[in-house]
K.L.:
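One structure, pasted below without further comment.
Model, not experiment: these values are computed from the prediction. Per chain, numbering begins at 1; letters A, B, ... match sequence-line order. Every heavy atom of this structure was used, including side-chain atoms; hydrogens, water molecules and symmetry mates were not.
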2 protein chains.
Amino acid sequence: MPEAKSPNRYTLRDVARRAGVSLGTASKALNKSGTLRSETRDKVLLAANELGFRPNDLAQALHRGQSFTVGLISNDSFGRFTMPIMEGLETVLHEAGIALFMCNATDDPEREKRHIDQLLGKRVDGLVFTGRRADRRPAPGLALGNLPVLYVFSQSDEPDAACLLPDDEGGARLATEHLLALGRTRIAHVTGPEDFEAVRLRRRGYEASLSQVDPTLILHGPWSEAWGREAATRLLALPNRPDAIFAGNDQIARGIVETLRDKAIAVPDDIAVIGFDNWSVMAEASRPQISSIDMNLKSLGEEAGHRLIRMIRGESQGGTSRLPCTLVPRASTTTTP
Amino acid sequence: MPEAKSPNRYTLRDVARRAGVSLGTASKALNKSGTLRSETRDKVLLAANELGFRPNDLAQALHRGQSFTVGLISNDSFGRFTMPIMEGLETVLHEAGIALFMCNATDDPEREKRHIDQLLGKRVDGLVFTGRRADRRPAPGLALGNLPVLYVFSQSDEPDAACLLPDDEGGARLATEHLLALGRTRIAHVTGPEDFEAVRLRRRGYEASLSQVDPTLILHGPWSEAWGREAATRLLALPNRPDAIFAGNDQIARGIVETLRDKAIAVPDDIAVIGFDNWSVMAEASRPQISSIDMNLKSLGEEAGHRLIRMIRGESQGGTSRLPCTLVPRASTTTTP
DNA sequence: CACGACTCGGAAAAGCTTTTCCGAGCCTGT
DNA sequence: ACAGGCTCGGAAAAGCTTTTCCGAGTCGTG
């Protein structure tokens, strides 16, 4: 028994009564369907306006069997990478009149299951999984039926799942070729833990761009500035030190640049440095500012929105696609712009 | 005409039919209401389990006039500060069975209005505004009736709006008193733009902790490392230079620390430095690591969740409350722990 | 003038759950 | 053995919108 209906929430029945027409007529007037005299239509529209009427999406959804709602399940607690994706996704979906449920699963399968269950209860029209994990994720334990599911910046076990990812390998090629174009010949790669697929892909792109690979120039470690500093120190101790470094992300790049600065090694003249992620608070605060590869995560989110809408319409099929990265040159690889 | 109902979505009617009971009986069995023989109840529960039945929240919400849904409207595009708030908020609300709609208004009133309108259509039970802005925000142009509205890390024009904020002033006192406790006497304050209320509050806390204030030691500028570096240079040029610096955020603090490091000034021995925000990627990557003030944004989000739930229950009233900050000492103010 | 056709608005069902009210059947006590 | 009371399950309405179908009224034309 809904006791206290919000004072300013009117129902279609109220509109109809005020306009002096029947329920169905009012509906048709507002939806421009059916055949009505324009006079009647205007009467209804006026009444609706006066009352500030807003149709109840719940009833609408119940009736049409479509909720105009999708769920987003993040596994990195709304971390740095999820944000721009969410932003792009939300923009596109909002334009299509679709609202976004936010859930944070934090890589906890139990929590994820509860979230999915809740979303299914809300009859979402689609589901998006996001959040970089070390590696591919197992399929969620729940039967999702034919609900559209999209993995963004994240992957699934299922072979034909719909995935949307940045082209890490291409980005790495972009970076390496940029360094090659500067005439560098000994290019090191200081990057993150090997159990990230992105790390393996970037490394592959790096290796593919080189005519020959020197394994001593490839260093794996944690994603931190401290590791960048340590790795730089190690590289400088080599008998034949590199003339360029491609870092696996901007934090590592910054650690490298700082160490080179400490040792009065000129960047980019002696050693050029390029990062990955284009995280501006890192890349632009460094001295010199760090060139980087932008994964265009906001575009990735927007593309995810478009693709999900197509899937909801039943138009599109699964499959993995990768969106190109972009080179953002800054002072760490370019001599006086 | 809902044509293709999802294959694995069964309705209560299906459960009832399978259990050989009527609709109402099935409902009562699942909700543990009414008076049923336990045998009948079990029969229904079994059928529901076999079918994987999940009640349709849409219908439920429609019936009870409560959607178990709240909207979150962010004005900083899901920025760095919104994330932990969202995380805390989502955790608490999820435990209460409430789902969270995410909207990004980006300080665009038109966009915000459309979002609110959409949320009202979805009959959300409450609304949360978040996202640091330069200053207080005008009340949204829509009549919200008696819908619970909570401003988190954000403020409203309305005098008795419900606001939840970090205690910037107290945090600044914490920082300043920490420096005083180290025996420092000339404490500078390098901070952000004056049109941020947080900047004014932090400055007030700083001034309140000092026996006398030297205006030449207070510098306003942008929120960046570059500004921290510039301000540090200026402070070092003073005839009577400070022996401690309280920075308005961690980026500024890091800029300061780097400049001091460049000039071989010992931190903290010659000049102690403390930041604000406790942004770990900044504070912990710096050399030395930077002491900071933590606003406990995740707790703020959690508290927001609890408070919103009380408001939805009709228990709580408006008013602004501020949650305490915490001192996180690191190497930039403590000599070898 | 009358009939047919067309225009417009209303009634009703569907979509799914919850809850109240009521009826039927069974048991017990006299 | 019968009446009353209690236990259990079913029927129905409410919550709000959309859509189909149908009836009534009107206009035009023969």
K.L.:
Would you please classify the geometry between the A:Tyr151 ring and the A:Phe129 ring as parallel, tilted or perpendicular, with 30° and 60° separating the classes?
P.N.:
parallel

K.L.:
Answer yes or no: does a side-chain N or O of B:Thr25 lie under 4.0 Å from OP1 or OP2 of D:dG10?
P.N.:
yes

K.L.:
For the pair made of CZ in B:Arg37 and P in D:dC6, what is the distance, rounded to whole Å?
P.N.:
19 Å

K.L.:
Of the candidate nucleotides C:dG10, C:dT18, D:dC16, which contains the atom at the shortest distance from the side chain of A:Lys28?
P.N.:
C:dG10

K.L.:
Using a cut-off of strictly less than 4.0 Å, decide whether B:Thr11 has a side-chain nitrogen or oxygen near OP1 or OP2 of C:dT17.
P.N.:
yes

K.L.:
Could you tell me how the ring of B:Phe101 sits relative to the ring of A:Phe101: parallel (under 30°), tilted (30 to 60°) or perpendicular (over 60°)?
P.N.:
parallel

K.L.:
Which of the following nucleotides, C:dC16, D:dT18, C:dT18, is nearest to the side chain of A:Leu62?
P.N.:
C:dC16

K.L.:
If we ignore hydrogens and angles and just use 3.5 Å, is the side chain of A:Ser156 paired with the main-chain N or O of A:Glu158 as donor and acceptor?
P.N.:
yes

K.L.:
Think B:Asn31 has a side-chain N or O under 4.0 angstrom from the OP1 or OP2 of C:dT17?
P.N.:
no

K.L.:
Taking atom C1' of D:dC8 as reference, at what distance in whole Å does atom CG of B:Leu23 sit?
P.N.:
17 Å

K.L.:
Any salt bridge linking B:Arg310 with B:Glu303? Criterion: basic side-chain nitrogen under 4.0 Å from a carboxylate oxygen.
P.N.:
yes

K.L.:
Could you give the NZ-to-C1' distance, from A:Lys32 to D:dT18, as a whole number of Å?
P.N.:
16 Å

K.L.:
In whole angstroms, how far is the P atom of D:dG15 from the NE2 atom of B:His63?
P.N.:
9 Å

K.L.:
Choosing from C:dT17, C:dT7, D:dC8, which nucleotide comes nearest the side chain of B:Pro55?
P.N.:
C:dT17

K.L.:
Roughly how many Å is it from CZ in A:Arg123 to P in C:dG15, rounded to a whole number?
P.N.:
14 Å

K.L.:
Please determine, for the side chain of B:Thr40, which listed nucleotide (D:dT17, D:dG9, C:dC8) has the closest atom?
P.N.:
D:dG9

K.L.:
The test is salt bridge (Lys or Arg N to Asp or Glu O under 4.0 Å); show your working for A:Arg17 and A:Asp14 and say whether it passes.
P.N.:
CA-CA 5 Å; A:Arg17 187 160 27 218; A:Asp14 300 321; 3.1 Å; yes

K.L.:
Mind checking if B:Leu36 touches a base, just sugar-phosphate, or nothing, with heavy atoms under 4.0 Å?
P.N.:
sugar-phosphate

K.L.:
From CG of B:Leu12 over to P of D:dA11, roughly how many Å is that when rounded to an integer?
P.N.:
14 Å

K.L.:
Look at all strands and tell whether A:Leu58 reaches a base, only sugar-phosphate, or nothing, counting heavy atoms closer than 4.0 Å.
P.N.:
nothing

K.L.:
For D:dG15 and B:Arg64 - does any side-chain N or O of the residue sit under 4.0 Å from the phosphate oxygens OP1/OP2?
P.N.:
no

K.L.:
Heavy-atom nearest nucleotide on DNA chain D for B:Ser22 versus A:Asp57: which residue maps closer to 5'?
P.N.:
B:Ser22

K.L.:
As a test of understanding, state which of A:Val124, A:Leu93, A:Thr69 forms a side-chain contact (heavy atoms from CB on, under 4.5 Å) with A:Leu100.
P.N.:
A:Leu93

K.L.:
For B:Gly24 and for A:Asn56, locate the closest nucleotide of DNA chain D by heavy-atom distance; then report the residue assigned to the nucleotide nearer the 5' terminus.
P.N.:
B:Gly24

K.L.:
Look at the side chain of B:Gln60 and decide which nucleotide, out of D:dG10, C:dT17, D:dT17, has an atom nearest to it.
P.N.:
C:dT17

K.L.:
Between C1' on D:dG15 and CG on A:Asp14, what's the gap in Å once rounded to a whole number?
P.N.:
13 Å

K.L.:
Starting the side chain at C-beta, find the nucleotide from D:dG10, C:dG10, D:dC8 nearest to B:Thr35.
P.N.:
D:dC8

K.L.:
Starting at CZ of A:Arg13 and ending at C1' of C:dG10, how long is that distance when rounded to a whole Å?
P.N.:
13 Å

